Amino acid sequence: MQIPGLTQAHQDYLKAIYLLRSRGETASNSAIAQALGVSPASATNMVKRLSEAGLIAYSPYQGVDLTPDGLHIALKVVRRHRLVELLLHEILEMPWDSVHGEAERIEHAISDAVEEAIARKLGDPHFDPHGDPIPSRDGALEVRAAQRPLSDLVIGETAAVARVLTQDSERLRYFGSIGLYPGTKVTVIEQSPFDGPLLIEINGQQRILAHALAKSVGVTAGGGL
Ligand SMILES: [Zn+2]
């Protein structure tokens, strides 16, 4: 990125803070450390430096938040990440469970010109293979119809998968193996009590889905997208 002194680590921190905040979580130093797999001491250190650089603001009760400058950079990194995921999946035909790790590296290596070329090649997409919104050039996010977890559907209800809220390869591979991708319609046939498994119908086949997995799938009611 064309910002002097802004290393890959800086960008990763800003992105991690953005992702925590966009999930409605508090970006505390320990949450940031956990998200990035670093020690709490290094997270505290970096938070201090980013705050001195005017990219984040710290408040004792709400943890860390991005300043407009910090948000601008975070959205740019997220845009590159999700564009690269879609490029790898759609054009290079890599499975959706392996593109996240690759994009983590490639997102830091591409220029504005390459970012533009990828966006153009893909037709200025609004969503990545996991249903995550791709920020536009000016940082705007497409708002999709209200989503709720698949686990919240009532028996007999049909909805369309909009987004999967996991980057875990094994879970993604499993979802793929039963045909559960954004755009797929799912009907709940049975719900076991006390957060037990769900029986769902997907592509004309009945499948058992663990409650915890169903919770990480965002659907839009009525089967539309
Ligand atoms: Zn993604």
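This is a predicted model, so every value here is computed, not measured. Every number for a ligand or one of its atoms is a count from 1 in the order of the listing.
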**Asked** Taking only residues two or more places apart in sequence, or in another chain, which ones meet His89 in a ring-ring contact (aromatic ring centres under 6.0 Å, His included)?
**Response** none
**Message:** Looking at Arg79 and Asp138, is there a salt bridge between them, counting it only when a charged N and a carboxylate O are closer than 4.0 Å?
**Reply:** no
**Under 3.5 Å donor-acceptor, Glu157 side chain and Val154 backbone** = yes
**Message:** Below 2.8 Å, which protein N, O or S atoms neighbour the Zn ion (ligand 1), ignoring water?
**Reply:** Glu85 OE1, Asp128 OD2, His130 ND1
**Prompt:** Hey, are Thr67 and Asp69 close enough side-chain-wise for a donor-acceptor pair under 3.5 Å?
**Reply:** no
**Request:** Would you check if Val217 and Phe175 make a side-chain contact, meaning some heavy-atom pair closer than 4.5 Å?
**Result:** yes
**Backbone of Trp96 reached by a side-chain donor or acceptor of His130 within 3.5 Å** = yes
